[in-house]
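Every chain is numbered from 1, with letters handed out A, B, ... down the list of sequences. Values reported hereafter were calculated over all heavy atoms of this structure, with side chains retained and with hydrogens, waters and symmetry mates removed.
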There are 2 protein chains.
Amino acid sequence: MIETNLLAQFVAFAKAGTLTRAAQDLHTSQPALTRSMKKLEEELEVPLFVRHKNHLELTQTGRYAVYYAQRVLQENQDFCDRIRSYDRSLHTLSIGYCAPVPQMVLTPLLNGIFQGMTLSADMKDDVSFPEGLRRQTYQLAVMHARPDGDEFFVKKCGSEKLYLSVRASDPLAFYPEVRLQDLDGRAILLFSHIGFWMKMTREKTPHARYLLQVQRDAFHELTEHSDYPCFSSSYFLGQGQKIPGRINISLADPECQTDYYLVCLKSEQKRYEKLFQQIDDRTIY
Amino acid sequence: MIETNLLAQFVAFAKAGTLTRAAQDLHTSQPALTRSMKKLEEELEVPLFVRHKNHLELTQTGRYAVYYAQRVLQENQDFCDRIRSYDRSLHTLSIGYCAPVPQMVLTPLLNGIFQGMTLSADMKDDVSFPEGLRRQTYQLAVMHARPDGDEFFVKKCGSEKLYLSVRASDPLAFYPEVRLQDLDGRAILLFSHIGFWMKMTREKTPHARYLLQVQRDAFHELTEHSDYPCFSSSYFLGQGQKIPGRINISLADPECQTDYYLVCLKSEQKRYEKLFQQIDDRTIY
DNA sequence: TAACATTACGTTAGCCGTAACGATA
DNA sequence: TATCGTTACGGCTAACGTAATGTTA
């Protein structure tokens, strides 16, 4: 068995060509390398160098050894990466959310049940979630449709309905309900991290100009102090979070009403038992 | 990068179950292991152990790490073996001999040309020699027939003729020449390391009882002080090595007269140029 | 009480860097 | 003369083993 240290120095020499330059690369002294290379030869009991008076050269065996030394080092590095990554995976729960409200509702629950774990949330359209669950990129996912596939355990965890939020002075303010197409062509305030809602509203209002807000603060600022229409939802309204000076109009499109489903792999179902127990089909509303 | 040392200790602990027993296995002290395992965790920045008051246990990550640590160690060990074996192969010349006389004749030549090299000789029937040369099990071979195949470089290096050596009192002593079948059914002294001759003589005299001698001394002792017939050859007779009190009768079978061919791979021909220059088709006689 | 892990402590082997040396182009 | 490798030397770290401590079955 050869110490990793010696192998790394050996490879460094092979790459640098001289001990002096290898020493610079490794931030060590050059006599240290001389000694290490001697030790390496001693431990292998194989001559790896031809020592000219003024120059160190690899023997045929030495050149042969370089490749395999690199393999050993690579294996060592892979080991480190692998262990670290495995350990991290044990302590992080990656969850795919198709919309922000499920994240807001579930995060406190998850923090309670999986204490000490890091929660890693991914917010986007849920088409890639089944594949992500299969590859263990996600341990859990909240989708707005039941995924196909025998390998998934699914439980409905709530629903959400979208509302239009406008000033009383807005032309649409007089209607008891509106459709998304009524907004087409207008400028609309939109918070950017809203998962599948983004895709859906864009498709329904191809001519609208969306004023995307990445920062939550900026979004709230604008909803309160501008006249642009924006969206609200049953969740916020249920919590009494109405925006002052605005009224909320029901959106009649069927796409503006969705159910949410919490999904995991059946093989992992046991691990999330408590979570599934703590939710019912009206957890998110 | 983790030092090989630490990985070996880690695996030893995993196998032994306790630090104390691992320390015994590794012929080191137990506090040394405690410290090493701490260091391993520190360098990986991953907890590998759950420390009970009185007992050290692997975490899930720890158990996961054992397998991969073993792989790294295996790769390291393979590296050592590989380099040593490669270096040895560079300094040893493996030669297949189909008969002992070629070895006796060529060995001094080889020692002169390939000074510092280890000569490794294999004496046996030459059917496996072409395959051995291809696989580089042999670098050179002396055969009693030209091998098939474009990949070989072949040069005739001599011939040898077998004689029967008997006492003057032997019933066969009066014949000017004999055949092997004349010996069938009798007891015959035979030195055991004689390559293809063994197979040939056995086939021609299926009912003979061969008194096999592994030791050369014992063989000579018996040839000089017993009445059993034995074989001699043109080589020994040409050197004046007659056995006192015996006469040598020509063996008339065509199989008792053979040519020898020195063979190497064409791809290696350059390396053995000097050797081929120094032999001619009567080198062995 | 026996087995085990950790901590404390004094010792030392081994590694490091500086400096000196020898050789080369 | 500048570059390179080896050797010598002194200093110091880091690893070791013994012994003591604390815990458990």
Classify the nucleic acid contact of [X] as base, sugar-phosphate or nothing, counting any heavy atom under 4.0 Å across all strands shown.
X       : answer
B/Thr18 : sugar-phosphate
A/Thr20 : sugar-phosphate
B/Thr28 : sugar-phosphate

Just how far, in rounded Å, is [atom2] of [N] from [atom1] of [X]?
X       : N      : atom1 : atom2 : value
A/Lys53 : D/dA2  : NZ    : P     : 23 Å
B/Lys39 : D/dA15 : NZ    : P     : 4 Å
A/Asn5  : D/dA15 : CG    : C1'   : 15 Å
A/Met37 : C/dC16 : CE    : P     : 11 Å
A/Phe13 : D/dT6  : CZ    : C1'   : 14 Å
A/Leu26 : C/dC16 : CG    : C1'   : 14 Å
B/Leu56 : C/dT7  : CG    : C1'   : 15 Å
B/Arg21 : C/dC4  : CZ    : P     : 7 Å

Is the distance from the ring center of [X] to that of [Y] below 6.0 Å?
X        : Y        : answer
A/Phe153 : A/Tyr272 : no
B/Tyr285 : B/Tyr235 : no
A/Phe79  : B/Tyr68  : no

| said: Between B/Arg51 and C/dT6, is there a contact of a side-chain N or O with OP1 or OP2 at under 4.0 Å? | reply: yes
Main-chain N/O of [Y] paired with [X] side-chain donor or acceptor, under 3.5 Å:
X        : Y        : result
B/Gln139 : B/Ser94  : yes
B/Thr107 : B/Met104 : no
B/Arg63  : B/Leu58  : yes

| message | Of the options D/dG17, C/dT24, C/dA5, whose atoms approach the side-chain atoms of A/Asn54 most closely? | response | C/dT24
| request: Among D/dC16, C/dC16, D/dT6, find the nucleotide with the atom closest to the side chain of A/Leu19. | output: D/dT6
Any protein N or O atoms within reach of nucleotides 7-10 of chain D? Criterion: under 3.5 Å, listing atom names and distances.
unit_1 : atom_1 : unit_2  : atom_2 : d
D/dT7  : OP2    : A/Lys38 : NZ     : 2.2

[X]/[Y] ion pair, N-O < 4.0 Å:
X        : Y        : answer
B/Arg271 : B/Glu268 : yes
B/Glu131 : B/Arg134 : yes
B/Lys39  : B/Glu42  : no

| note | Rounded to 10°, the helix from C/dT1-D/dA25 to C/dA25-D/dT1 deviates from straight, judged by its five-pair end axes, by 30°
